[in-house]
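Contents: one structure, followed by commentary.
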Amino acid sequence: MLWLQLAIKEIRNNFKFSIFFVLNLGIGLIGFIALDSFKNSIDEHLVNNSKSILTADIQISSSFPLTQQEHDLSESLLDTDILSTSDQISFLSMIAGTENSRMSTLIGIDENYPQYGEIILQNAGPISLSNARSELMNSDTIWVARDLMVILDLNVGQSLKIGDREFTIADIILEDPSSTISAMANFPAIYLGVQQIESTGLIQLGSRITYSRFYKLPATYEYDYRVLEDQFRDMEREVYRDTRRLSMTTHQEESEDLGEVLGYMNDYLGLIALIALFLAGVGAAYLFRAFFTSRFKDMAILMCLGGTPKEAYKMTLVQIVLLGSISALLASAIAFLALPMLPLLFEGFLPRGFTNSMDLNSLVLALFMGTIGSIICCLPILSKIYDLNPIGLFHENVQPTSSAPHWKRQVASYSPILLTFWGLAIWQANDLFVGTLFVAGFLAAIFILGAIAWGILYGCTVLTLGKSVTRKIALRNLSRNRLGAVSCFLAIGLGALLINLIPQIQKGLQGYIEQPSDYSVPDFFMFDIQPEQLEDLQSVIGERGYSLSF
């Protein structure tokens, strides 16, 4: 308790330093904690809502109408009691309003769709709590996505021609569980019954249509979706001698596809948080260094009164732990208040129904980074306590002796910083190679910037040969305190380097999401091209100097 009391007294007596230390470290921790909670919330949402995203446990789809043979094949593979099934027909079609037209996704559903999740309509609300679904099946009415209503300047109650039929807009779709991040999300949806979509006359020979059946399975049914898909391919090959006729999608696979896209955003935010935490650690180390240097005399007096370097080390360590804990608690409180704002900033990237919350793991992480992280940043400076000598009290300034380098202690002081930074880089990148590459580049930047700094300081020594007194004093101060000057140069240089990496990584991620390396984005695209039309189409496009890709 004595060392705790002394540490608290030191904090009170140096209130300005304590405030600056807490705020500096807290600012770096806020982004790190908020991001960790944000990532955990995304993972939890994908796990808990993967069935709602697919609207079923398993989907079997084909470009041909599904027959009883395909149904029997799927049900024999599942080998369990199927709670319910739902059939769907979907395809793209141009929809014309009074003045505008827009490519849309026509979706024909039955009374069991969706089996998970909820379609929410503007007037009827959730369809499970109203008769809207049965009315859609038994009348010439449709549900239209809100975006399409705005684009085509439509209102509820108006008629919309789809193929050979006129349909009445019964309601507006506000939320659709199946509208995830995908290419199809760019085409607003129109829902109608299966029989109604078949009566439009748009389903003809050669049309690009997707026929799907969704299966709802018991909650106790367990399977490895990768093994299940392999078994499905084997059965399909055995029955049809082909593996391109049918496709299987599980709810885990659907959530993984969405999680991969969200992972790009998490990686980008993780880099920003890691940079902010690193800069906060550098700031904390320099703040503590200035404070620690001013307390050399007090520690020397403590040793004269019977204290040992180990006890002085313990008192300072307790002080850092207290300040780091306060920073972590403050950062956790601010991050908790800021979390509801993150879904608003990334509304276009997040799945519907996403909620953000802070769990106990994030709080534990905050306390760990606040206490252990602050200790790690200050370890190289704390090690100088063992170099203090009480005889320095007879000098004007008390400084640690530099006669013995104690290189083993220096290595032990700097190693935790490197290992922690390496571990955080791997954790944020979710990849050992990428994290290691980032740290290796970081160390290479340190050596390059350090060499440049030593070269500049050597030049300062040469430039002191001039006649200008002011320049001599300034340059000699730099050359005499080379370690401090190099440290400041490295801190500023690394900070500028990491900050400049942010827009570069952002641009790279945006480019990858918009156009992956193995995918070519066309200027125009066409669909529903029949084989007999292909040769004439290639000839027309070739005459204009363009080519057709498949």
Given 3.5 Å as the limit, does a donor-acceptor pair link the side chain of [X] with the main chain of [Y], or not?
X: Gln158; Y: Asn155; answer: yes
X: Asp171; Y: Gln122; answer: yes
X: Ser139; Y: Glu135; answer: yes

Within-4.5 Å side-chain heavy-atom neighbours: [X] and [Y]:
X: Tyr215; Y: Ser74; result: yes
X: Ile190; Y: Phe167; result: no
X: Phe91; Y: Ile203; result: yes
X: Arg133; Y: Pro114; result: yes
X: Phe187; Y: Leu92; result: yes
X: Trp422; Y: Leu432; result: yes
X: Leu66; Y: Asp87; result: no
X: Ile89; Y: Ile107; result: no

So how far is it from [X] [atom1] to [Y] [atom2], rounded to the nearest 0.5 Å?
X: Arg233; Y: Leu77; atom1: CZ; atom2: CG; answer: 11.0 Å
X: Gln195; Y: Asp110; atom1: CD; atom2: CG; answer: 10.5 Å
X: Thr210; Y: Gln59; atom1: OG1; atom2: CD; answer: 8.5 Å
X: Leu202; Y: Ser93; atom1: CG; atom2: OG; answer: 5.0 Å
X: Ile151; Y: Arg146; atom1: CD1; atom2: CZ; answer: 12.0 Å
X: Gln196; Y: Ile162; atom1: CD; atom2: CD1; answer: 10.5 Å

Between Ser62 and Glu70, is any side-chain donor less than 3.5 angstrom from a side-chain acceptor?
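Absent: no donor and acceptor within the cut-off.
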Could you please spell out the steps behind the side chain to side chain contact (heavy atoms under 4.5 Å, CB included) verdict for Ile95 and Arg102?
CA-CA 5 Å; Ile95 301 298; Arg102 175 67 189 266; 5.8 Å; no
[atom1]/[X]: more than 12 non-hydrogen atoms of other groups inside 6.0 Å:
X: Gln231; atom1: CD; result: yes
X: Phe336; atom1: CZ; result: no
X: Asp81; atom1: CG; result: no

What pairs meet the salt bridge (Lys or Arg N to Asp or Glu O under 4.0 Å) rule with one or both residues in residues 151-169, with sequence neighbours excluded?
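Non-adjacent pairs meeting salt bridge (Lys or Arg N to Asp or Glu O under 4.0 Å): Asp140-Arg165.
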Minimum heavy-atom separation for [X] to [Y], with atom names?
X: His251; Y: Ala56; value: CB-O, 3.7 Å
X: Glu229; Y: Met248; value: OE2-O, 3.8 Å
X: Leu217; Y: Leu83; value: O-CD1, 3.6 Å
X: Ala145; Y: Ile172; value: C-CG2, 4.4 Å
X: Trp143; Y: Ala170; value: CD1-CB, 4.5 Å
X: Gln115; Y: Ser86; value: NE2-N, 3.5 Å

Check against side chain to side chain contact (heavy atoms under 4.5 Å, CB included), Thr85 and Ile82:
CA-CA 7 Å; Thr85 62; Ile82 298 173; 3.8 Å; yes
Go through Ser247 and Ser61 one step at a time and tell me if the side-chain hydrogen bond (donor to acceptor under 3.5 Å, both in side chains) criterion holds.
CA-CA 5 Å; Ser247 65; Ser61 58; 2.6 Å; yes
Set out, in order, the CA-CA distance, both residues' side-chain angles and the distance that settles side chain to side chain contact (heavy atoms under 4.5 Å, CB included) for Glu543 and Gln538, then state yes or no.
CA-CA 9 Å; Glu543 291 175 358; Gln538 287 178 321; over 6 Å; no
For Phe214 and Tyr113, I'd like to know if the aromatic rings sit close, meaning centre-to-centre distance below 6.0 Å.
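Yes, they do, as the ring centres are separated by less than 6.0 Å.
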Contacts table for residues 22-31: side-chain donor-acceptor under 3.5 angstrom, sequence neighbours left out:
{"unit_1": "Asn24", "atom_1": "ND2", "unit_2": "Ala280", "atom_2": "O", "d": "2.7"}

With side chain to side chain contact (heavy atoms under 4.5 Å, CB included) as the test, would you mind laying out the steps for Leu136 and Glu111 before giving the verdict?
CA-CA 9 Å; Leu136 185 74; Glu111 292 186 352; over 6 Å; no
Pick from Leu121, Ile119, Thr105, Ile142: which one makes a side chain to side chain contact (heavy atoms under 4.5 Å, CB included) with Tyr191?
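When Leu121, Ile119, Thr105, Ile142 are each tested with Tyr191, the side chain to side chain contact (heavy atoms under 4.5 Å, CB included) holds only for Ile119.
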Using the side chain to side chain contact (heavy atoms under 4.5 Å, CB included) definition, which of the options Leu148, Leu152, Asp147 pairs with Ser104?
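When Leu148, Leu152, Asp147 are each tested with Ser104, the side chain to side chain contact (heavy atoms under 4.5 Å, CB included) holds only for Leu148.
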Answer yes when Lys216 and Asp57 have at least one side-chain N-carboxylate O distance shorter than 4.0 Å, and no when they do not.
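Salt bridge: no.
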